[in-house]
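Note that the numbering runs from 1 along the sequence shown for the chain. We count ligands from 1, going down the list as the structure has it; atoms in each ligand are counted the same way.
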Amino acid sequence: MSAEKSFYVTTPLYYANDELHIGHAFSTLSADIISRYNRSMGRSVHFLTGSDEHGQKVEQAAKARGLTPIEHTDSLVGKFKSLWELLDITYDDFIRTTEDRHKKVVCYALNELWKKGDIYEAEYSGWYCTPCERFWTEKEVPDKMCPDCKRAVQEISEKNYFFKMSKYQQQLIDHINANPGFIRPENRRNEVLGFLRQPLGDLCISRPKSRLSWGIELPFATDYVTYVWFDALTNYISAVGYPFDMEKFNRIWPASCHLFCKDILTTHAVYWTTMLMALGLKLPECIFAHGWWVTGEGKMSKSVGNIINPRELVARYGLDPFRFYLFREMVFGMDATYTEDNFVLRYNADLANDYGNLCQRMLPMLIKNREGQFHKVAPKLPQSIEIAEMAGAIKKDYTTAMENFLFHEALKRIWDLIQRLNKYVDETAPWKLAKEQNWATLDEVFYTIGEGIRFVSLLVEPFMPHLAPEFLRQIGCHNDRVSLDKLAWGQLADGTRCTEPAPMFPRLETERIQNLKKGSKGEKVEKAPAKTKEVAAKPAEISAEEGLVSFDDFLKTELCIARIETAEKVENADKLLKLTVNTGDETRTLVAGIAAFYKPEELLGRQVVMVKNLKPAKIRGIVSHGMILAAATEDGGLALVSPDKPAKTGIRVK
Ligand code: ME8
């Protein structure tokens, strides 16, 4: 076994109290992408994920389902793993905090700190938030509401065990100051330093069994269980051999990066690091707190009903476009808003028009004119030389971005090259070269494009592990591939023969999206789907205008002023209202997802803007014919679009 230090990356251990959404998927995908990248750079990688199974939240969730905690977590862990399989997550280990290998290490760590005097017993009173499982001081809860979750806190006084976190405050500040790359991004580092300006309290690490029994018993006080965060954070070392297999541990620890979202920054940056200091262990090289995925209605939550289910999106659009979208859209470290419209826009622009189109337009010409073979010739055209140089610079920038977890930046540079290659096709016009029988230049142009496709496909592969190799297969070099550390321009072998191109990213037209939506929700598609317009990506002249429609196209959407006549709730659908509207020449029924924002009676007689020529769709058994327009408001609400003075009902809006 090699003694080389592994690149060790972790995700949070997700609570086994509910199903996972795109936020969780995003964190795990980021660890997957960075693992794939590092493997391809020739490094040994250890990628850990898992489940956080103790504590009050899990105990309560199990009770609500009428199950024992372990029956409940077993069923959820099965779902976590099947989601990771669907998303093709290449983790090396999945740790559950209910496993013996983990519990043993938590007890060992507790005993060590107890013997050392870093854990002590004291009477404590404070304000306790049950859902967050944490105490607050009197000063922190002036309104008796939890500052994190805004729910009521209760005053509790009891004997407990405390970890002397305060003892390590200065050591932690010094470490952060001496290691600028330790807490990332920069704003999170400043946040932690700001937090550490106040005296740090000690951490209550026990819960009396009388209040909570679902946890790891304290080895020195059997009527207490361990605080769930002390328990869960220890997974990062328990899973890699500490302290019973130190050979393995020394090969893997310290972690190269703990990845998580900003909601759990303090627990990682302060609790975990001081725990490691107390145990005399090295600190992770980097902890990275990315931002929130939110929707138009704000932070995702079950009560708002805005949870985005990754399974649905993968079923609708495919795995690789889903993976690509999340990392192209979010500046890693900042919040990002998910909207399906935006997804479709990016898919059509970046995948269908740019990447997919490059192959689609070039390979048929290669097959027709050069029997599908690339001939390697010394570049003479200034653009070919420029592209070769650009590729080298892009690989450098990509590598810097990936080493710093700047996924969006890495993708942006890849797309710079894809767009340059599409422009190169326009500039060199290979169809004209073929007509003129200028074979030498034509070979040069084909080679540059083919090599460009190989180059970008290898760079993008950590993000798109299925479709990128498919591009390599289409240009014929899949059996002759190099790892990222060896990638250089000009490696496409002379005589490589391409295969028939297949459309990789069929454009998403409105009609097709609607059918995909029905299919991925498991709903029965009402009518045989109309012939889907799977337009193979169009020639690149449209790329300059991506996302724009002509005036004629705009006029195809018929908008009109409609008046709401009746409104009522749709049975068993919290978000939906059934409306009848007057469109001037008829009365239409439609279903609108506005029940959370408008009471039926508020809508009567109101004029709204409606899409009149939308194909009818069946929603909850109601034929909905048309759609009314609305926009999210800044405070997370919804505003219907209406004329600002009374207008003639039925009149066209243009
Ligand atoms: O906190 N946007 O588990 P958890 C981005 N068990 N990421 C999101 C997200 C969103 N809207 N929602 C969730 C816990 N996440 C503890 C962790 S670690 C030793 C213990 C992701 O199930 C993100 O990574 O509440 C966040 O930090 C994590 O899920 C929280 O998962």
Under 3.5 Å between some N or O of ligand 1 and some N or O of [X]?
X    : answer
Y236 : no
Y14  : no
C261 : yes
S27  : yes
W293 : yes
Y15  : yes

Listed by chain and number, what are the side-chain hydrogen bond (donor to acceptor under 3.5 Å, both in side chains) partners of D263, not counting sequence neighbours? none
Measure the distance from atom 16 (C) of ligand 1 to every protein heavy atom, then report the residue, atom name and distance (to 0.1 Å) of the closest one. L13 O, 3.5 Å
Looking only at protein heavy atoms, what sits closest to atom 29 (O) of ligand 1 is H24 CD2, 3.2 Å
Is there a donor-acceptor pair closer than 3.5 Å between any side-chain N or O of N348 and the backbone N or O of L508? yes
For the side chain of R323 and the backbone of L87, is there at least one donor-acceptor N/O pair under 3.5 Å apart? yes
Say whether [X] and ligand 1 are in contact under the criterion: heavy-atom distance to a ligand atom below 4.0 Å.
X    : value
F26  : no
W272 : no
A289 : no
H290 : yes

Going by atom types only, do D231 and H102 share a side-chain donor-acceptor pair under 3.5 Å? yes
Salt bridge or not for E191 and K262, using N-O below 4.0 Å? no
Select one of side chain, backbone, both or neither to describe which atoms of T267 lie under 4.0 Å from any atom of ligand 1, heavy atoms only. neither
Check whether more than 12 heavy atoms from other residues, nucleotides or ligands sit under 6.0 Å from atom NZ of K116, and answer yes or no. yes
Taking atom NZ of K248 as the centre, report whether more than 12 heavy atoms of other residues, nucleotides or ligands fall under 6.0 Å from it. yes
Going by the rule salt bridge (Lys or Arg N to Asp or Glu O under 4.0 Å), which residues pair with R207 if we only count those two or more places apart in sequence or in a different chain? none
